Engineer: 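Following this message is one structure expressed as structure tokens.
Not measured: the values here are computed from a predicted model. First listed ligand is number 1; within each ligand, the first listed atom is number 1. We count residues from 1, following the sequence as given.
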Amino acid sequence: MHRAAITGHGVFTPSEIITNDELVTAFNAHADRWNAANAEAIAADDLEAMAHSSTGFIVAASGIEQRHVLDKTGVLDPDVMHPWLRERSDHEPGQMAEMALEACRAALDMAGVAPSEVDCVLCAASNHERAYPAIAVEIQDLLGTGGFGFDMNVACSSATFGIQAATDMIRAGTIRRALVVNPEICSAHLEWRDRDCHFIFGDVCTAVLIERDEGLQTPHFKIKSTRAATQFSNNIRNNDGFLRRTRDQMEDRRDMQFMQEGRRVFKEVLPLVSRHIADHMADEGVSAADLKRLWLHQANKTMNDYIGKKVLGRTPSAQEQPNILQDYANTSSAGSIIAFAQHSDDMAAGDTGLICSFGAGYSVGSVIVERA
Ligand code: COA
């Protein structure tokens with residue numbers, strides 16, 4: 001069996017930012033217009049008026065202060081309330097492949113690896129722009145990598161499940177190097193007209209390069225162990241899909257976008273994740289005192305505070321358990337990888353850290369790494 005290591009990482013961050021204040025202003029303007037347009041039905045109790053959102057609630061409930069998006073003009077137009085992304089012809093790069101390039105190239109540059117030396121591109125994300133051809137194969141073509149590519153989706157856990165799949169292929173000797181890339185266009189599946197969730201998501205793309213751990217010359221993270229688990233739940237769900245037409249259901253129905261029972265997710269996922277991490281660490285002989293860094297999924301600050309405290313048995317410092325969700329919001333599978341990319345360079349040789357992502361499925365994935 002070979003060993004694997006993370007030798008490079010990259011993050012593509014869209015330049016457009018929506019602050020909470022901008023978001024709430026647009027949402028409240030939309031709510032006022034909708035209420036005015038439906039005044040009669042609301043007065044007759046046939047419809048419920050849309051309530052206003054507030055920046056204070058968003059920060060207190062989630063810790064999110066702003067989000068990066070591919071397009072803010074559509075999202076902030078009270079008559080549109082979704083991003084506008086230019087339609088691509090079949091002969092130009094797709095949206096996901098395009099945003100993947102910058103993240104992948106940064107990961108390759110960091111490791112000093114040429115695209116031609118990569119054997120596998122694994123595009124692991126919550127949503128895929130199309131069913132086929134696989135986005136990963138398009139990225140492979142645009143980068144000029146060798147071997148093969150495939151897409152996978154385990155929602156918010158896609159990145160860690162992707163790292164596990166790539167690591168296992170390297171261990172088995174099937175491949176020598178893999179790029180695991182997570183282009184997340186969360187703004188396109190978020191329901192911006194629902195105040196319960198309109199603040200949750202942002203867009204980003206992350207990538208990690210994983211290589212066989214043999215004669216590596218650059219600083220890297222040894223992958224000591226990976227673990228993945230799933231347990232079915234309907235509490236985070238999206239019913240859009242290719243069977244829509246067969247049900248004569250082409251209208252813009254609420255469940256075609258991201259849906260969640262936030263409170264239930266909170267209650268059910270926290271024990272699942274805490275137990276998963278504790279079991280993984282115990283089985284690998286990693287104690288709380290050994291763990292120098294915890295790069296968690298970035299959905300909610302209260303959730304992360306809770307998990308950090310459970311895992312370490314005390315309140316972690318901001319350096320030990322870095323959050324990036326205040327700047328990026330929830331970026332689905334990419335969140336823990338942004339945290340890893342931004343907060344790992346300072347670790348000393350021999351330091352142990354754990355990457356963990358969790359979400360719809362339910363799903364939870366963890367990766368124990370050691371700085372080398
Ligand atoms: N502005 C003002 N008030 C709002 C609001 C908004 N944008 N959205 C909801 N509220 C109100 C609710 O209507 C509710 O009012 P009520 O008490 O009168 O019924 C109150 O605020 C509390 O709402 P609730 O949904 O219970 O808030 P919460 O504290 O659970 O926070 C989430 C909501 C979504 C931030 C939180 O549940 C969460 O993070 N859950 C897990 C999410 C997650 O990890 N999902 C994975 C996605 S991949």
Engineer: Name the closest protein heavy atom to atom 40 (N) of ligand 1, giving the residue it belongs to and the distance to 0.1 Å.
Structural biologist: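 Scanning the protein heavy atoms, the shortest distance from atom 40 (N) of ligand 1 goes to Gly262 O, 3.1 Å.
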Engineer: Would you call Ala299 a ligand 1 contact, heavy-atom distance under 4.0 Å?
Structural biologist: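 Ala299: in contact with ligand 1 (<4.0 Å).
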Engineer: Report the residue from Ser366, Ser363, Ser332 that forms a side chain to side chain donor-acceptor pair (under 3.5 Å) with Ser157.
Structural biologist: Ser363
Engineer: Look at atom 20 (C) of ligand 1 and say which protein heavy atom is nearest, naming residue and atom and giving the distance to 0.1 Å.
Structural biologist: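 I find the closest protein heavy atom is Phe57 CE1, 4.0 Å.
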Engineer: Which of the numbered atoms in ligand 1 are under 4.0 angstrom from any heavy atom belonging to Ile236?
Structural biologist: 46 (C)
Engineer: Mind checking whether Asp196 contacts ligand 1 via backbone (N, CA, C, O), side chain (CB onward), both or neither, at a 4.0 Å heavy-atom cut-off?
Structural biologist: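 Both of them.
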Engineer: Within ligand 1, which atoms have a heavy atom of Ala61 less than 4.0 Å away?
Structural biologist: 31 (O), 35 (C)
Engineer: May I ask you to check whether Thr13 and Tyr328 show a side-chain donor-acceptor distance below 3.5 Å?
Structural biologist: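 On atom types as modelled, these side chains qualify, holding a pair under 3.5 Å.
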Engineer: Mind jotting down which residue pairs meet the side-chain hydrogen bond (donor to acceptor under 3.5 Å, both in side chains) criterion with at least one end in residues 129-140? Sequence neighbours excluded, please.
Structural biologist: Arg130-Glu138
Engineer: State if Ala360 counts as touching ligand 1 under the rule of any non-hydrogen atom under 4.0 Å.
Structural biologist: no
Engineer: Number the atoms of ligand 1 from 1 as they appear, then name those within less than 4.0 Å of a heavy atom of Met303, with their elements.
Structural biologist: 44 (O)
Engineer: For atom 42 (C) of ligand 1, find the nearest protein heavy atom and state the residue, atom name and distance (0.1 Å precision).
Structural biologist: Gln260 OE1, 3.4 Å
Engineer: May I ask which of Ile200, Asp194, Asn300 has a heavy atom nearer to atom 39 (O) of ligand 1 than the others do?
Structural biologist: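 Answer by nearest heavy atom: Asn300.
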Engineer: Any nitrogen or oxygen of Asn330 lying under 3.5 Å from a nitrogen or oxygen in ligand 1? Just yes or no.
Structural biologist: no
Engineer: Side-chain contact, heavy-atom cut-off 4.5 Å: Ser53 with Ile58?
Structural biologist: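 Yes, side chains in contact.
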Engineer: Would you say ligand 1 has an N or O under 3.5 Å from any N or O of Ser53?
Structural biologist: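 N/O-N/O distance below 3.5 Å exists for this pair.
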Engineer: Salt-bridged, Asp283 to Arg227, with N to O below 4.0 Å?
Structural biologist: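 Yes, charged N to carboxylate O under 4.0 Å.
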Engineer: Just to confirm my output: which protein heavy-atom neighbour is closest to atom 15 (O) of ligand 1, and how far is it?
Structural biologist: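 Result: Arg195 NH2, 4.4 Å.
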Engineer: If the cut-off is 4.0 Å to any non-hydrogen atom of Cys156, which atoms of ligand 1 fall inside it?
Structural biologist: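 Per the distance check, 48 (S).
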Engineer: Using distance alone, with no hydrogens and no angle criterion, decide if Asp346 and Gln319 have a side-chain donor and acceptor under 3.5 Å apart.
Structural biologist: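 On atom types as modelled, these side chains qualify, holding a pair under 3.5 Å.
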Engineer: Please tabulate, for the side chains in residues 94-103, all donor-acceptor contacts under 3.5 angstrom to protein atoms that are two or more places apart in sequence or on a different chain.
Structural biologist:
from	atom 1	to	atom 2	distance (Å)
Gln95	OE1	Arg88	NH2	3.3
Glu98	OE1	Arg88	NH2	3.3
Glu98	OE2	Arg88	NH1	3.1

Engineer: Just by distance, with hydrogens left out, do Ser357 and Ser333 show a side-chain donor and acceptor under 3.5 Å apart?
Structural biologist: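 No donor-acceptor contact under 3.5 Å links the two side chains.
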Engineer: Quick check on the 6.0 Å ring-centre criterion: do His82 and Trp84 meet it?
Structural biologist: yes
Engineer: What is the nearest protein non-hydrogen atom to atom 28 (P) of ligand 1, stated with its residue, atom name and distance?
Structural biologist: Arg263 NH2, 3.4 Å
